[in-house]
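The structure under discussion appears below in the form of structure tokens.
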Amino acid sequence: MRMLRSSQADFETAFGRIVRDRRESDVQVGRDVTAIINEVRERGDDALADYTARFDSHGLSQDADWRIDLAECRAAYEALDSDLRDALETAAGRIRAYHEGQLPADRDYVDDIGMRLGARWNAVDAAGLYVPGGRAAYPSSLLMNAIPAKVAGVQRLVVTTPTPKGEVNPLVLAAAHIAGVDEIWRVGGAQAVAALAYGTKRIAKVDVIAGPGNAWVAEAKRQLYGVVGIDMVAGPSEILVIADGNNDPEWIAADLLSQAEHDPTSQSILITDSEALARQVEDAIDLALMKLPTAKTAKASWEAHGLMVVVDDLAEAPALSDRLAAEHVELMVDEPQPLFDAMRHAGSVFMGRHTPEAVGDYIAGPNHVLPTGRRARFASGLSVLDFMKRTSFIDASAAALAAIGPAAVRLAEAEGLPAHALSISTRLK
């Protein structure tokens, strides 16, 4: 963990280094993924079976080995403790309600020359979701990815998930039942992404791929963008906490560790106007790490990528936050709105002392699939729009074409495209 003060002479150099830091996959990962994609494209299901045996110790021979029956999902749902089932249903209901509010409206109007114009939104035909498997599986991520797709109107929703030694997490199956998933395949890794993109004899291809995964999965999505649509290329998790001196240091420590425990490459940053709070938070983190079951990962992340920035005034924080363009930003102050109003770039913002980032991970409603790696400068979190596309339309009467056709002919001629000009001028005659 490093501590910087905005008043120190070399602050700009030191902070700039943090902003430029890249914590994502290396060149070798890219080469490995290229080879895997080519294998799946050429050998299809045979390649999937080989990779699944090698990486997951799970054989894909009979149909039952390949696909999880939806009846298993229902059984897993019905077997849950009632309080856990209710928690999943509550989360699903809130996620669904929030994303229903994102559905875009079609446009259809006639302008002042009598030309009818507009646009129509439609869902993609099929979407694929990658769901990490084994014991470290996240039903919340399945809900966050699957529900927006269903709200958008996707008819075929396909999940691929690795099942190491045949093991499948019942919570993930229960979440798939709640979300209305249509197919679940027992394949994972970059090879699963390639199968979804190109299709195999067993697994029909999809139009969009979404969902979290390791560096190989993220790299596969990056390489296959264009063959299919993707949600985003996600990197290590990030949290930026902006806090004044009137905070409980244990709360802030817990918030910082909530992202550090994801991965050793995750990043947790505190910006505060109180050096006393920064020191107290540092001590609280040390104490928490003595008890946290995920301490090994969280400690590695905090020691390698943790940062505390002490500013003279919290009014400095929004500009620093915008340069970081973090995945998650907490505003731990009594009146967060002025800080929020001064910010432009963040994946999601958590406003006020009683809004920890973790509530957004599970139950609040907005999507927790968010841009990382400073991509919040130009990207947004997952939404129904990631599973939809817009088709514009034009309906010109003879009078409407007569009104604007000559200008179009002139532009086509200026661009040296005579057939373009002819297709309009021949109608004007």
Side-chain angles (χ1 to χ4, degrees), residues 48-49 51-53 55-96 127-151 154 156-189 191-193 195-196 202-203 209-214 217 258 261-263 293-294 297 358-365 367-369 382:
L48 293 182
Y51 284 122
T52 301
F55 296 130
D56 297 332
S57 301
H58 177 67
L60 298 177
S61 54
Q62 302 177 9
D63 288 346
D65 299 327
W66 282 84
R67 191 166 172 174
I68 297 172
D69 195 286
L70 296 183
E72 292 185 49
C73 298
R74 172 178 285 278
Y77 171 80
E78 292 174 347
L80 289 178
D81 290 340
S82 59
D83 59 341
L84 186 52
R85 185 168 57 245
D86 290 346
L88 282 174
E89 288 283 10
T90 298
R94 294 185 61 83
I95 294 166
R96 188 174 294 109
L129 304 182
Y130 187 90
V131 176
R135 293 188 181 277
Y138 302 106
S140 59
S141 287
L142 192 149
L143 295 178
M144 288 285 183
N145 283 271
I147 290 174
K150 282 297 185 179
V151 168
V154 174
R156 176 174 168 256
L157 187 56
V158 186
V159 164
T160 58
T161 185
T163 55
K165 297 181 180 179
E167 178 182 327
V168 61
N169 189 305
L171 280 177
V172 169
L173 298 186
H177 173 73
I178 292 171
V181 168
D182 300 297
E183 303 170 22
I184 306 180
W185 297 90
R186 292 175 175 269
V187 292
Q191 59 272 22
V193 178
L196 290 170
R202 289 180 181 269
I203 305 174
I209 300 174
N214 60 21
V217 170
S258 72
E261 71 177 352
H262 272 299
D263 191 273
T294 52
T297 300
V359 79
D361 279 342
Y362 296 107
I363 207 83
N367 212 285
H368 77 198
V369 181
L382 188 73

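Values below: every heavy atom of this structure, side chains too, minus hydrogens, waters and symmetry copies.
- The heavy-atom pair separating Glu261 from Thr297 by the smallest distance is O-CG2, 3.5 Å.
- Arg85 places a side-chain N or O within donor-acceptor distance of the main-chain N or O of Leu80, the cut-off being under 3.5 Å.
- The structure places CH2 of Trp185 at 10.0 Å from CG of Leu60, a figure rounded to the nearest 0.5 Å.
- One N or O on the side chain of Thr161 and one on the backbone of Val131 form a donor-acceptor pair closer than 3.5 Å.
- Taking Asp63 as the reference, Arg202 meet the salt bridge (Lys or Arg N to Asp or Glu O under 4.0 Å) condition, with sequence neighbours excluded.
- The nearest pair of heavy atoms linking Val154 to Ala127 is CG1-N, 3.7 Å.
- Side-chain contact between Leu157 and Lys150 is present, with at least one heavy-atom pair separated by less than 4.5 Å.
- Nearest heavy atoms, Gly128 versus Leu196: CA-CD1, 4.1 Å.
- At a threshold of 4.5 Å between non-hydrogen side-chain atoms, the residues Ile184 and Cys73 count as touching.
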Practice task
Evaluate the side-chain contact (heavy atoms from CB on, under 4.5 Å) criterion for residues Tyr138 and Asp361: first the C-alpha distance (whole Å), next the side-chain angles of each, then the deciding distance (0.1 Å), finally the verdict.
Solution key: CA-CA 10 Å; Tyr138 302 106; Asp361 279 342; over 6 Å; no
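- Across every non-hydrogen atom of Asn367 and Pro148, the tightest pair is ND2-CG, 3.5 Å.
- In this structure Glu183 satisfies the salt bridge (Lys or Arg N to Asp or Glu O under 4.0 Å) test together with Arg156, sequence neighbours excluded.
- Between Gly59 and Asp65, the closest heavy-atom pair is O-CB, 3.3 Å.
- With rounding to the nearest 0.5 angstrom, the NE2 atom of His177 is 13.5 Å from the CD atom of Glu72.
- A donor-acceptor contact shorter than 3.5 Å is absent between the side chain of Asp182 and the backbone of Val158.
- Leu143 and Ala91 get closest at one heavy-atom pair: CD1-CB, 4.3 Å.
- A donor-acceptor pair under 3.5 Å is absent between the side-chain atoms of Tyr362 and the main chain of Leu88, judged by distance alone.
- No donor-acceptor pair closer than 3.5 Å links the side chain of Asp81 to the backbone N or O of Asp83.
- Contact of the Tyr51 side chain with the Val187 side chain is not registered, since no non-hydrogen atoms from C-beta on lie closer than 4.5 Å.
- Applying the side chain to side chain donor-acceptor pair (under 3.5 Å) test to Asp263 and every residue at least two apart in sequence or in another chain returns Thr265.
- For His262, the side chain to side chain contact (heavy atoms under 4.5 Å, CB included) partners are Ser237, Gln259, Ser266, not counting sequence neighbours.
- Partners of Asp86 according to the side chain to side chain contact (heavy atoms under 4.5 Å, CB included) rule, which considers only residues two or more places apart in sequence or in another chain, do not exist here.
- Side-chain contact between Val151 and Ile95 is absent, with no heavy-atom pair separated by less than 4.5 Å.
- A search for salt bridge (Lys or Arg N to Asp or Glu O under 4.0 Å) contacts involving Arg74 returns Glu78, not counting sequence neighbours.
- Taking OG1 from Thr160 and CZ from Arg67, the interatomic distance works out to 13.0 Å, rounded to the nearest 0.5 Å.
- Residue Phe55 qualifies as enclosed at atom CZ: its count of foreign heavy atoms under 6.0 Å is above 12.
- In terms of modelled atom types and a separation under 3.5 Å, the side chain of Asn145 and the main chain of Gly211 share a donor-acceptor contact.
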